[in-house]
There are 2 protein chains.
Amino acid sequence: MSVQERKQRERAERERLIVATARELAEQQGWDAVTTRRLAERIEYSQPVLYSHFRGKREIIGAVALQGATELATAVRAATSAADGPRARVAALARAYLDFAARNPAVYDALFQLDGGLAYAQEDTPEPLKDAFAALLETLDEVAGDGVHPGLFTEVFWAALHGLATLSRAGRLLPEDADPRVELLVDRLAIL
Amino acid sequence: MSVQERKQRERAERERLIVATARELAEQQGWDAVTTRRLAERIEYSQPVLYSHFRGKREIIGAVALQGATELATAVRAATSAADGPRARVAALARAYLDFAARNPAVYDALFQLDGGLAYAQEDTPEPLKDAFAALLETLDEVAGDGVHPGLFTEVFWAALHGLATLSRAGRLLPEDADPRVELLVDRLAIL
DNA sequence: GAATCGATCCTAGCACCGCTAGACAATCGA
DNA sequence: TCGATTGTCTAGCGGTGCTAGGATCGATTC
């Protein structure tokens, strides 16, 4: 029994190594550089080993995405819980979100830009994704305004943040005015 | 001289054919299906012919993007000019933008999701891109609010629309509440 | 302790990708 | 009519994601 447990442990450890390496490589050189060959070489196993853990590259991206969702939720909750008052909380949320996207571009891509084979806004949506949305909802709930469904409000606010994040990163928006853009967004969307 | 002109005409015609075929194929089966081999086969020329018109696949995507930018600008202007009053104009703009993204997903991807090798928010940004932004600015200018730079306001509004467009299309948002989301966005962001 | 047998991993290769060198044919100017 | 130029194609390079099948290793059994 103990032998089997050790094997399972080692297997789980290797799976973590794969995901961590994929993430690292993606952050260093972009997802295009994350090929199954390079990934295999970095973990010092052959290519087919990857396929004994994941169905394919897509699932590896998905695994990185789930990791990212958990971290994003944590980052948002940490930022909002440290702020006083609704206005400050919403602003902190927005900054934390955009900061996460800027600091972890590859992870953000895995979450929202690439196809990680994950289900969204559905029954079988993985828990980390639901929880990340919940983290946004917790703070945005109180500023949705009367008669506005908090979920709907959160979706719109989230979409705005997502737009800012992606357009900024793609060079569609100049980075200089990032702060006033956030201020404008918070002041207009949130009802205090 | 006339012979040369005919050749130039034919060459330009073939270039249009390449772009149109790439766009068609992308809309039908997604950009992943747009390979240089398939594209060459569809236009009934060999692969290298593509490279006598474009530096590579990226430039073909860029060409589709520029076409899309022109059409997006036209669609937005048509919608806003048909609306009465600032509120109606902004709402029409938002709907026209999201409608364009939903009806031409591949073109929208070429514009904002994929790398078409185009410069944005810079000196050498191609005219169609500048004009598409200008089309948004024309209408949003009047609802930016006092003391808010219209360009900055347009960027934020655009980012919100872009977020809604991409998250909707990726299945991150359920399509049912599309209308109320737009209403909320317009009511909150625009100062009437 | 040796033999067996199953799990595990790797080598090799598939079909496809973007892109290009070099052979070939068609057309043009002299 | 002939040479030069232009245009196009065939063939192939190195890369991709993914997989079949053989080899090897280690736990189990006698």
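Hydrogens, waters and symmetry mates are skipped; everything else that's a heavy atom, side chains included, is used. Naming: A, B, ... by sequence-line order, numbering from 1 per chain. Computed from a predicted model, the values in this text were never measured in an experiment.
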- A/Q8 CD to C/dT8 C1', in whole Å, measures 15 Å
Determine all donor-acceptor pairs shorter than 3.5 Å in which one atom belongs to a side chain in residues 44-52 of chain A; sequence neighbours excluded.
| residue | atom | partner | partner atom | Å |
| --- | --- | --- | --- | --- |
| A/Q47 | NE2 | A/T36 | OG1 | 2.7 |
| A/S52 | OG | A/V49 | O | 2.7 |

- Message: Just to verify, what does B/R11 make a side chain to side chain donor-acceptor pair (under 3.5 Å) with, not counting sequence neighbours?
- Response: none
- Item | Partner set under side chain to side chain donor-acceptor pair (under 3.5 Å) for A/R188, not counting sequence neighbours | none
- OH of A/Y51 versus C1' of C/dT11: gap in Å, rounded? 16 Å
- In whole angstroms, how far is the P atom of C/dC9 from the CG atom of A/L50? 12 Å
- Message: For nucleotides 6-15 of chain D, give me one character per nucleotide, 5' to 3': B if any protein heavy atom sits under 4.0 Å from the base, S if the only such contacts are to the sugar-phosphate, - if neither.
- Response: --SBB-B---
- Could I get the full list of side chain to side chain donor-acceptor pair (under 3.5 Å) partners for A/R87, not counting sequence neighbours? A/E183, A/D187
- Note on the structure: Residues passing the side chain to side chain donor-acceptor pair (under 3.5 Å) test with B/E127, sequence neighbours excluded, are none
- Message: When you measure from the side-chain N and O atoms of A/T36 to the phosphate of D/dG17, is any distance below 4.0 Å, counting only OP1 and OP2?
- Response: yes
- Item | d(CD1, B/I60; C1', C/dC19) in whole Å | 12 Å
- Item | Rounded interatomic separation in angstrom, taking CD from A/E10 and C1' from C/dT8 | 12 Å
- Query: To the nearest Å, how far apart are B/D32 CG and C/dA15 C1'?
  - Reply: 16 Å
- Query: Can B/E13 and B/R16 be counted as an ion pair, charged N to O under 4.0 angstrom?
  - Reply: yes
- For the pair made of CG in A/L39 and P in D/dG17, what is the distance, rounded to whole Å? 9 Å
